[in-house]
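Written below as structure tokens is the structure these notes are about.
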Number of protein chains: 2
Amino acid sequence: MTTLPADSAIEGRRPTMRDVAARAGVSLKTVSRVLNGESGVYVETAERVRVAARDLRFVRNESAATLKRSGQRSRSIGLVLENVANPYWAALAKAVEDVARERGFLLTTGSSGDDPAVERQLLDELCNRRVGGLLVVPSGAELGYLADEIEHGTVVVSIDRPAAGVKVDTVLLANAAGVRDGVLHLVGAGHHRIAFVGDTVRYTGSQRLAGYREALSAAGLPFDRHLVRRAHDAEHARAAARELLALDDAPTAIFAGNNLLTRGVLEALGPQRREIAVVGFDDFPFATLMEPPVTVVGQDAAELGRSGALQLFRRLEGESGPVQEIVLATTLVARGSGELTPAGRR
Amino acid sequence: MTTLPADSAIEGRRPTMRDVAARAGVSLKTVSRVLNGESGVYVETAERVRVAARDLRFVRNESAATLKRSGQRSRSIGLVLENVANPYWAALAKAVEDVARERGFLLTTGSSGDDPAVERQLLDELCNRRVGGLLVVPSGAELGYLADEIEHGTVVVSIDRPAAGVKVDTVLLANAAGVRDGVLHLVGAGHHRIAFVGDTVRYTGSQRLAGYREALSAAGLPFDRHLVRRAHDAEHARAAARELLALDDAPTAIFAGNNLLTRGVLEALGPQRREIAVVGFDDFPFATLMEPPVTVVGQDAAELGRSGALQLFRRLEGESGPVQEIVLATTLVARGSGELTPAGRR
DNA sequence: TTGAAAGCGCTAACAT
DNA sequence: ATGTTAGCGCTTTCAA
């Protein structure tokens, strides 16, 4: 007696556990047990089931499993952030994915563009799919609509920025402290006119601005002359930096609020890169290759993602207790651009 | 009579369509019709249903819908690539996500690390979830195991590299032609000793190597003296470039096979960046900021992703016809590093 | 235009 | 150790 080809048994449609059961000569439940690694099945029976599954090229239907599973959460988690194409967020997404995979979860990522409507749509879609948990880099808008989901058992963790309107575990960076360190580093190099180019409308930007303010105040320096509040991208930063450099009392040093803005500032500086000191928030791969290499306040995107994902899974695995706020420290990485002195300029 | 708070109606569990139906005083099917935008429902009935759904904060269970829906495909697509943390792949993922969102689909991305086992696991998990389609940047290993899925209606599209073992739509880059252009550009600048640093084991690397070979042969130059075949990352490239530069007949120009390798080569060059010409495959954000700015053979990752995703949805929407191979052109972007002449060096 | 009934493929509770 | 039964929440037939 020869084994029939897999498709001869069941025309057209995919094999189900029932088909596997029939082929193995056991009941549906036994197949379920074997395929889920439950104990209490004779090894020979289990083997027969596995052979049957392989022969039929059985692929479990996760939708059915999710539908039935108590609590009804799929083995996926969702991540909503501003834009995966930004290397910073991409690194974070990879870290989240790694943690998820260790647990047998898949990751669905959505880019909100920091648009509250898109953010909500993404979050809704993810909830529709009954994801086990949601990791969000909030755009800043109210997230109150998540309260219901949370009550129904969806775990939500906010990363990089606090979530408005819901109380959830949060992983933050020590933004203010990081900037303060960076600016004081410039003060230490002798600078008195230190500009800040940032996007201070958003949470991280405002926190970073606060750090800038703290540092200047600690150093007894005036505050508002060299401040750019609304640099949203590299273009804006470039234009803003050009304007700053054209001032009578042009700054001798510039602090850039994030990796995009650092790029814009460096573009604006051109050959002046050897005269004007620069410190940027966020490290980036080519920082060491610039002339001079760029001093940064480094924040580890991967660590932020890992930390958030770990917290999410801790909750998923049943950890209770009050809402947590985890704050990650930053590191000043001196490479050259932040150690230039104001020499040659008044 | 006041409306009761949503949760008073149904304790604990999530509201289902049945709950919405009860509240709206209609049948389950009518709710389904309204929520799916089917025609043939009185506007007032539809409105009542929508109000009830809103009041109960009803969220549709996609698993149940997927389970029942004929063909059983979820409104998600999967993307398996080497590593989302690489800005190149991140840009591609974003482009895919954008196309998916236009169609109301979510994107689940997995990083295989080019490990065939991980790749297979990721692909399997995605199939378990009955995704509508699969976009793969194949690691190079046999993908024959996808044949069944494809037969069952899962659409698979291969991007950046051809899929081995299955016939699927494929979107490729004109790798060889791109490299040939870049190398001939260096020849045109007067170079006779042009090194190639690549990872020629993998598909794209081997194609690029072929372009290098073509160019040298067209220019009547010898081939094997300045060739590095196994540079997998920036570190390797750096070490390899150092060795090349230490040779008696050191190259006067280097072609780097991808963005990671370009970085490694630039690191190795250090101050020699103004003497040794460099052309890299892949554009990168900081290319214009280097000294000199880096000449590259640009390939548009976003276009690659978009193109693959569009093809996938075309198939999903029923387009039949033979398997397609789409080839995207590259563009040489001259910025300075590739225009350096061999002057000063023999 | 609306509804009743059947069942998608699985897991959970309860037999045996 | 194994099987039987009853659904999960939805979509699909088919009938009213």
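Residue numbers begin at 1 in each chain, while the letters A, B, ... track the order of the sequences.
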Round to the nearest Å and state the distance from A/Glu38 atom CD to D/dA1 atom P. 12 Å
Rounded to whole Å, the CZ-P distance (A/Arg18 to C/dC10) equals 9 Å
NZ/NE/NH1/NH2 to OD/OE distance under 4.0 Å, B/Arg60 and A/Glu125: no
Ion pair A/Asp115/A/Arg120, N-O distance below 4.0 Å: no
Strand-adjacent residues in residues 25-37 of chain B, judged by heavy atoms under 4.0 Å from DNA chain D: B/Leu28, B/Lys29, B/Ser32, B/Asn36
Whole angstrom value for the distance that separates P of C/dT11 from CG of A/Asn61: 10 Å
Over all strands shown, is A/Ser63 touching base, sugar-phosphate only, or nothing at heavy-atom distances under 4.0 angstrom? nothing
A/Arg129 CZ - D/dG9 P separation (whole Å): 18 Å
Salt-bridge contact B/Asp98-B/Lys94 (side-chain N to carboxylate O under 4.0 Å): yes
In whole angstrom, what separates B/Met17's CE from D/dT12's P? 11 Å
B/Arg14 CZ to D/dC8 C1': how many Å, rounded? 13 Å
State whether B/Arg50 and B/Asp55 are salt-bridged, where the test is any N-O pair (Lys NZ or Arg NE/NH1/NH2 against Asp/Glu carboxylate O) under 4.0 Å. no
Any idea which of D/dC10, C/dG9, D/dA1 is nearest the A/Tyr42 side chain? D/dA1
Taking D/dG9, C/dC10, D/dT11 as options, the one with an atom nearest any side-chain atom of B/Ala65 is D/dT11
Hey, are A/Arg129 and B/Ser76 close enough side-chain-wise for a donor-acceptor pair under 3.5 Å? yes
More than 12 heavy atoms of other residues, nucleotides or ligands under 6.0 Å from CZ of B/Arg18: is that the case? no
Is any side-chain nitrogen or oxygen of B/Arg60 closer than 4.0 Å to OP1 or OP2 of D/dT11? yes
For residues 303-312 of chain B, which residue pairs qualify under side chain to side chain donor-acceptor pair (under 3.5 Å), counting only residues two or more places apart or in two chains? B/Asp169-B/Gln311, B/Gln311-B/Arg314
In this structure, how many angstroms lie between the C1' atom of D/dC8 and the CD atom of A/Glu62, rounded? 15 Å
Could you tell me the separation between the CG atom of A/Leu67 and the P atom of D/dC10, rounded to a whole number of Å? 9 Å
